[in-house]
Amino acid sequence: MKNKENFVVSLKDVLGATLISLLFSLLFVLIFALVIRWADLDEKVIVPVNYGIKFVSLFLGVMIMFKDNKNGILKGLITGLLFMLLTFLIFNAMDGFKSVNFNWIDMIFLPIGGAITGIVKVNLKNSPTA
């Protein structure tokens, strides 16, 4: 029974972190689209900023939603992988699947980034309020 409860808590952490990461990602992409529209930015800037948006969104999702201090690396890895798959699906769907390009950088670094962030989150100690 204890394993089932742990699984449910971990599942809530992963799904919640993925959802929050997606929301942050959509928000940041919309803000960046406005910046691109009003500013005269070089196209070389877009790809690195998109990577930054994904990593910051994933970081925020994990840091906000992970409540259980167990299995940070595994939960972070799964969150990063799920986030990568859903962003791939959502952003290609927004484009009407006109130019579907799979990105190996996302496939490698988002799960790794999620795992590292999960490790950091579960090892952070809440500082006592004085």
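Both backbone and side-chain heavy atoms feed into the values below; hydrogens, waters and symmetry mates do not. Keep in mind it's a predicted model, so treat the numbers as computed, not measured. For reference, positions follow the sequence shown, starting with 1.
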Check: Lys70 main-chain N/O paired with Lys75 side-chain donor or acceptor under 3.5 Å: yes
- prompt: Salt bridge or not for Asp106 and Lys54, using N-O below 4.0 Å?
  reply: yes
- request: Check whether Val122 and Val14 end up in the same hydrophobic cluster, where Ile, Leu, Val, Met, Phe, Trp and Tyr are linked by side-chain heavy atoms less than 4.5 Å apart.
  value: no
statement: Here the gap from Leu19 atom CG to Phe24 atom CZ, rounded to the nearest 0.5 Å, amounts to 11.0 Å
Shortest non-hydrogen contact between Gly113 and Thr117, atoms and distance: O-OG1, 2.8 Å
message: I'd like to check the ring pair (Phe, Tyr, Trp, His ring centres under 6.0 Å) partners of Phe55; sequence neighbours left out, ordered by chain and number.
response: none
Cluster link Ile64 to Phe66, ILVMFWY, side chain under 4.5 Å: yes
Spacing of CG belonging to Leu86 relative to CG belonging to Leu22, to within rounding of 0.5 Å: 5.5 Å
- request: Give a yes or no on whether Ile112 and Leu77 share a hydrophobic cluster (residues Ile, Leu, Val, Met, Phe, Trp, Tyr; joining criterion: side-chain heavy atoms under 4.5 Å apart).
  value: no
message: Can you give me the closest heavy-atom contact between Met107 and Met84, atom names plus distance?
response: SD-CE, 3.3 Å
field: From CG (Asp42) to CD1 (Ile36), nearest 0.5 Å
entry: 11.0 Å
- prompt: When hydrophobic residues are tied together by side-chain contacts of less than 4.5 Å, even through go-betweens, does Ile73 share a cluster with Val120?
  reply: no
field: Rounded distance (nearest 0.5 Å) linking atom CG of Leu110 with atom CG of Leu81
entry: 9.0 Å
message: Centre-to-centre under 6.0 Å for Phe28 and Phe32, is that the case here?
response: no
- request: Would you indicate whether the side-chain heavy atoms of Phe59 and Ser21 approach each other to under 4.5 Å?
  value: no
- prompt: Can you name the closest pair of heavy atoms from Ile108 and Pro111 and give their distance?
  reply: O-CD, 3.7 Å
Atom NZ of Lys12: over 12 foreign heavy atoms under 6.0 Å: no
Sub-4.5 Å side-chain heavy-atom contact between Leu15 and Leu82: yes
- request: Count the heavy atoms of every other residue, nucleotide or ligand shown that sit under 6.0 Å from CZ of Phe109, and state whether that count exceeds 12.
  value: no
Listed partners of Trp104 passing ring pair (Phe, Tyr, Trp, His ring centres under 6.0 Å), at least two apart: Phe102
query: Under a 4.5 Å side-chain heavy-atom rule over Ile, Leu, Val, Met, Phe, Trp and Tyr, are Tyr51 and Met94 clustered together?
result: yes
- request: Carefully, step by step, assess Ile78 and Phe83 under the rule side chain to side chain contact (heavy atoms under 4.5 Å, CB included).
  value: CA-CA 8 Å; Ile78 293 169; Phe83 174 67; over 6 Å; no
- prompt: Checking Asp68 side chain against Val9 main chain: does a donor-acceptor pair fall under 3.5 Å?
  reply: no
task: Mind checking the CG-CG spacing from Leu124 to Asn69? Nearest 0.5 Å is all I need.
output: 9.0 Å
message: Let me confirm one number: the CG-CG distance from Leu23 to Leu60, rounded to the nearest 0.5 Å.
response: 11.5 Å
